[in-house]
**Q** 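The structure under discussion is supplied below as structure tokens; questions concerning it will follow.
Note that the numbering runs from 1 along the sequence shown for the chain. Order of listing sets the numbers, starting from 1, for every ligand and every atom in it. As the structure is a computational prediction, the values presented were derived from the model and not from experiment.
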Amino acid sequence: MQQSRSSQLFEQAQRVIPGGVNSPVRSFRAVEGTPPFIARGQGARVWDVDGNEYIDYLGSWGPLALGHAHPAVVEAVQRAAADGTSFGAPVEQEVELAELICQALPSVDMVRLVNSGTEACMSALRLARAYTGRSKIVKFAGNYHGHADGLLVQAGSGALTHGVPTSAGVPEAYAAETLLAAYNDTQSVESLFDAWPNDIAAVIVEPVAGNMGVVPPAEGFLAGLRRITEANGALLIFDEVITGFRVAYGGAQTRFGITPDITTLGKIIGGGLPVGAYGGRGEVMRMVAPLGPMYQAGTLSGNPLAVAAGVATLLELQRPGVYEQLEATAVRLTDGVAGAFAGAEIPATINRVASMFTGFFNAGPVGALAQVEQSDTAAYGRYFHALLERGVYIAPSQFEAGFVSIAHTDADVDRTIAAVGDALDAMA
Ligand SMILES: *Cc1c(COP(=O)(O)O)cnc(C)c1O
């Protein structure tokens, strides 16, 4: 695999950007080596600056349900750009995106658009605290909700990959307001409410864990959280930044039939441009300025380019059969990979929910963070590079999700399964 241009760029980048990257997992620290610098993408494929071609299962970490450079998205962005990129005043397209979100998510009557999932989660916590008058929040070890101070406690994704349980620079006083529970363990949540009966504003959860690798919610887990929060006067926040418009058009709350109080969104709703959102029922959302006392603002929030890409993406996802197709493609892929894993010498298992999945180098089952952490990350690193050399791009860390898009064909999937078989043979 030719990498001279990427190597040169990575060296240049490291002089001016910490670690050469603008988000830590991109650095390939977990798997070692030089990250390919990507030149362009089309459909299910990306090409790097050295001309290598890959079938892409990273999907920009979740937003690209339509694949790269979908014509509807490209056209929407081009049209919006020609009319001006930002006004700091209301535009028609942001109303359209807000209406699409409110129609799709049964728990959301009103929604505020922001610029990232981090902002959405940070704002959702402030809202829950404003609404309840309480200060503590419960999060699950291994779940990731962006990099706001109080949420970088035992976080997943890069924080898990790089072994930083709680980031430096987070004041102890903030961290102390974050109580930790165990994913898929409602008893651990009950215990926190027993210890702090009148202090917990909200429980925030990834309804399908994606940032410790994909871990499905155990039977009754989400319903348990709904029951416990309601009984204790706390709010339930579903962080649907990955799962919104991914595990179903109406998100995990539709797929699992649970109604949260606040929902956070990101990734798919921006169609590859920077958008986040938080929403809920009217009574809660009326706390947000200018209607209420909870302040939150943004110079570029509801940006016309970003919301145009989001609207175009959601309209494409409304086409009949899209979610069936996404799921069928993911099933074909994970069945094939599971078959290859079964014949391999290294124990491995694969988790999937809808079109998100993770292959763990782990005998399985993987249903909790403690089991996730037993995975063989060195084997994952070898597997990652063996696949990259065979033209398949997956997440450069064991503790992340993979995604299929509507652009992935059966032929792409079959080529991938063959590459997985070859990669496992090469590792043995
Ligand atoms: C990606 C992600 C975030 C953070 O979103 P950014 O846009 O990266 O700030 C929050 N929550 C979950 C579940 C995510 O996967």
Side-chain angles (χ1 to χ4, degrees), residues 21-27 58-65 105 112-126 128 137 139-162 167 178 183 202-217 222 225 236-247 251-253 255-256 260 262-279 296 298 300-301 303 306-307 309-310 313 353-358 369 372 395-397 399-403:
V21 290
N22 284 312
S23 195
V25 269
R26 296 179 197 165
S27 69
L58 191 68
S60 186
W61 303 91
L64 301 183
L105 301 179
R112 170 60 63 79
L113 301 179
V114 293
N115 304 292
S116 68
T118 293
E119 267 187 75
C121 294
M122 178 185 81
S123 307
L125 291 192
R126 186 180 304 146
I137 58 132
K139 84 172 277 292
F140 295 92
N143 276 191
Y144 178 70
H145 308 292
H147 61 85
D149 282 340
L151 285 167
L152 271 187
V153 178
Q154 295 280 332
S157 187
L160 190 58
T161 302
H162 299 293
S167 172
T178 304
Y183 196 75
V203 173
I204 185 167
V205 66
E206 287 184 61
V208 176
N211 288 290
M212 51 182 174
V214 171
V215 177
L222 298 174
L225 298 182
L236 178 61
I237 304 173
F238 268 15
D239 178 352
E240 298 231 40
V241 171
I242 288 182
T243 55
F245 301 93
R246 166 64 65 182
V247 300
Q253 55 199 269
R255 192 173 174 107
F256 299 106
I262 302 175
T263 300
T264 60
L265 295 162
K267 299 193 170 123
I268 287 180
I269 63 160
L273 273 82
V275 184
Y278 63 101
Q296 182 273 309
L300 294 176
S301 296
N303 173 268
V307 295
T313 298
V353 175
S355 60
M356 54 193 283
F357 58 88
T358 299
L369 180 60
V372 165
S397 159
F399 308 121
E400 302 289 353
F403 302 97

**Q** Decide whether Thr243 and Glu206 meet the rule of one side-chain donor and one side-chain acceptor closer than 3.5 Å.
**A** no
**Q** Would you give the length of the straight line joining atom CD1 of Ile242 to atom CG of Asp239, rounded to the nearest 0.5 angstrom?
**A**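 Spacing of CD1 (Ile242) from CG (Asp239) equals 8.0 Å.
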**Q** Would you compute the distance between atom CD of Glu119 and atom CG of Asn115 and round it to the nearest 0.5 angstrom?
**A**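 Rounded to the nearest 0.5 Å, the CD-CG separation comes to 4.5 Å.
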**Q** Assess His147 for proximity to ligand 1: is some non-hydrogen atom of it under 4.0 Å away?
**A** no
**Q** Check Thr118 against ligand 1 and report side chain, backbone, both or neither, counting heavy atoms closer than 4.0 Å.
**A** both
**Q** Using a strict 4.0 Å cut-off to heavy atoms of Ser116, name the atoms of ligand 1 that fall inside it.
**A** 7 (O), 9 (O)
**Q** Could you work out, for atom 14 (C) of ligand 1, the closest of His145, Glu206, Lys267 by heavy-atom distance?
**A**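 Among His145, Glu206, Lys267, the closest heavy atom to atom 14 (C) of ligand 1 comes from Lys267.
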**Q** Indicate yes or no: does an N/O atom of Gly146 lie under 3.5 Å from an N/O atom of ligand 1?
**A**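 The answer is no, given that Gly146 and ligand 1 share no N or O pair closer than 3.5 Å.
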**Q** Heavy-atom distance from atom 8 (O) of ligand 1 to the protein below 4.0 Å?
**A** no
**Q** If you count the atoms of ligand 1 from 1 in the order shown, which ones are under 4.0 Å from a heavy atom of Ile242?
**A** 15 (O)
**Q** Going by distance alone, is a donor N or O of one side chain under 3.5 Å from an acceptor N or O of the other, for Ser123 and Arg112?
**A**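 No pair is found: no donor N or O on one side chain lies under 3.5 Å from an acceptor on the other.
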**Q** Which atoms from ligand 1 have a heavy atom of Asn211 less than 4.0 Å away?
**A**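 It comes down to these atoms of ligand 1: 12 (C), 13 (C), 14 (C), 15 (O).
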**Q** Identify the closest protein heavy atom to atom 11 (N) of ligand 1: which residue and atom is it, and at what distance?
**A** Asp239 OD2, 2.6 Å
**Q** Could you pull out the closest heavy-atom pair between Gly210 and Met356, with the gap in Å?
**A**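 Heavy-atom minimum between the residues: CA-CE, 4.0 Å.
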**Q** Would you say the side-chain atoms of Tyr278 and Gln296 include a donor-acceptor pair closer than 3.5 Å?
**A**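 Yes - a donor-acceptor pair under 3.5 Å links their side chains.
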**Q** Any side-chain donor paired with an acceptor under 3.5 Å for Glu400 and Ser397?
**A**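 No pair is found: no donor N or O on one side chain lies under 3.5 Å from an acceptor on the other.
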**Q** Do me a favour and list the nearest non-hydrogen protein atom to atom 6 (P) of ligand 1 with residue, atom name and distance?
**A**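 Scanning the protein heavy atoms, the shortest distance from atom 6 (P) of ligand 1 goes to Gly117 N, 3.5 Å.
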